[in-house]
Amino acid sequence: MSRTVGEVMTPNPITVRPDTPLQDAIRLLAENRISGMPVLDDQEKLVGVISDTDLMWQESGVDTPPYVMLLDSIIYLQNPARHERELHKALGQTVGEVMNDVPISILPTQTLREAAHLMNEKKIRRLPVLNVESRQLIGILTQGDIIRAMARGEA
């Protein structure tokens with residue numbers, strides 16, 4: 001029998017708000033030894049996810065996109081909008097400025113197989129778990145949760 005997300009997820013995950021200072025979020029991640037967390041608005045609705053990947057821009061900075069000069073014009077060889085997004089993340093001071101604002105979530109009734117497939121397809125390491133009716137956050141499912149279930153022979 002295949003396990004469901006609700007049976008394996010971590011309930012009541014640590015969360016932050018979009019206006020949380022970035023340094024507070026970094027401290028929460030480090031103190032709790034987690035790599036990401038859901039971002040909730042004032043109505044407790046999921047509005048994003050902040051992860052260690054989002055924070056790497058703070059330390060690594062952003063490279064100027066490649067370009068060529070032609071007749072006193074700059075022609076970018078990559079999409080300049082992408083560079084602008086990366087720059088915004090590198091300079092952000094709050095969670096809302098740095099987070100992924102298109103969170104991918106899952107329902108507790110879905111199977112671990114569906115969750116693992118979604119994580120692989122979207123190249124993400126965690127899925128916020130939302131209540132079926134209210135769409136409120138009830139947990140988080142990480143790759144580690146799935147691996148632990150597999151080790152116990154439950155996946």
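What's counted below: heavy atoms across the whole structure, side chains too, no hydrogens, waters or symmetry copies.
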Can you name the residues that form a side chain to side chain contact (heavy atoms under 4.5 Å, CB included) with [X], not counting sequence neighbours?
{"X": "Ser105", "answer": "Leu46, Pro128, Leu130, Arg135"}
{"X": "Asp41", "answer": "Gln43, Lys45, Val47"}
{"X": "Lys122", "answer": "Ile104, Leu118, Ile124"}

If hydrophobic clusters are built from ILVMFWY residues whose side chains come within less than 4.5 Å, do [X] and [Y] share one?
{"X": "Leu141", "Y": "Leu137", "answer": "no"}
{"X": "Leu107", "Y": "Ile146", "answer": "no"}
{"X": "Val132", "Y": "Val8", "answer": "no"}

- Partner set under side chain to side chain donor-acceptor pair (under 3.5 Å) for Thr10, not counting sequence neighbours: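 Side chain to side chain donor-acceptor pair (under 3.5 Å) list for Thr10, sorted by chain: Asp145.
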- Could you give the distance from OG1 (Thr53) to CG (Asn100), rounded to the nearest 0.5 Å? 10.0 Å
- Distance in Å, Ile26 CD1 paired with Asp52 CG, rounded so as to fall on 0.5 Å steps: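 Going from CD1 on Ile26 over to CG on Asp52, the span is 11.0 Å.
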- Side-chain (Ser134) to main-chain (Asn131) donor-acceptor, under 3.5 angstrom: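 Checked: no pair found.
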- Message: Looking at Glu97 and Gln93, would you say the former's side chain and the latter's main chain have a donor-acceptor pair under 3.5 Å?
- Response: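 Flag set: sc Glu97 to bb Gln93 pair under 3.5 Å.
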- Query: Which of these passes side-chain contact (heavy atoms from CB on, under 4.5 Å) with Arg17: Val95, Leu40, Val39, Thr94?
  - Reply: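 Exactly one pass, corresponding to Leu40.
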- Item | side chain to side chain contact (heavy atoms under 4.5 Å, CB included) evaluation trace for Ile140 with Leu127 | CA-CA 6 Å; Ile140 193 159; Leu127 288 167; 6.0 Å; no
- Task: With side chain to side chain contact (heavy atoms under 4.5 Å, CB included) as the test, would you mind laying out the steps for Ile138 and Asn12 before giving the verdict?
- Result: CA-CA 6 Å; Ile138 59 170; Asn12 306 311; over 6 Å; no
- Task: Grab the two heavy atoms, one from Gly139 and one from Pro13, that are nearest each other, plus how far apart they are.
- Result: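 Looking at all heavy atoms of both residues, the closest pair is CA-CD, 3.6 Å.
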- Looking only at non-hydrogen atoms, find the nearest pair between Leu28 and Val16 and report the distance.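 That would be CD1-CG1, 3.6 Å.
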- Task: Could you tell me whether the side chain of Gln143 reaches within less than 4.5 Å of the side chain of Met119, counting heavy atoms only?
- Result: yes
- Side-chain heavy atoms of Met9 within contact of Leu112, under 4.5 Å: no
- Item | Derivation of the side chain to side chain contact (heavy atoms under 4.5 Å, CB included) call for Met37 and Val49 | CA-CA 6 Å; Met37 55 193 156; Val49 172; over 6 Å; no
- Message: Checking Ser35 against Arg126: is there a side-chain donor and acceptor pair closer than 3.5 Å?
- Response: yes
- Stepwise side chain to side chain contact (heavy atoms under 4.5 Å, CB included) check, Gln110 with Val129: CA-CA 10 Å; Gln110 291 181 262; Val129 183; over 6 Å; no
- Query: Taking only residues two or more places apart in sequence or in another chain, which ones pass salt bridge (Lys or Arg N to Asp or Glu O under 4.0 Å) with Arg27?
  - Reply: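 So Arg27 forms a salt bridge (Lys or Arg N to Asp or Glu O under 4.0 Å) with Asp24, Glu31.
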- Query: Who passes salt bridge (Lys or Arg N to Asp or Glu O under 4.0 Å) against Glu114, sequence neighbours left out?
  - Reply: none
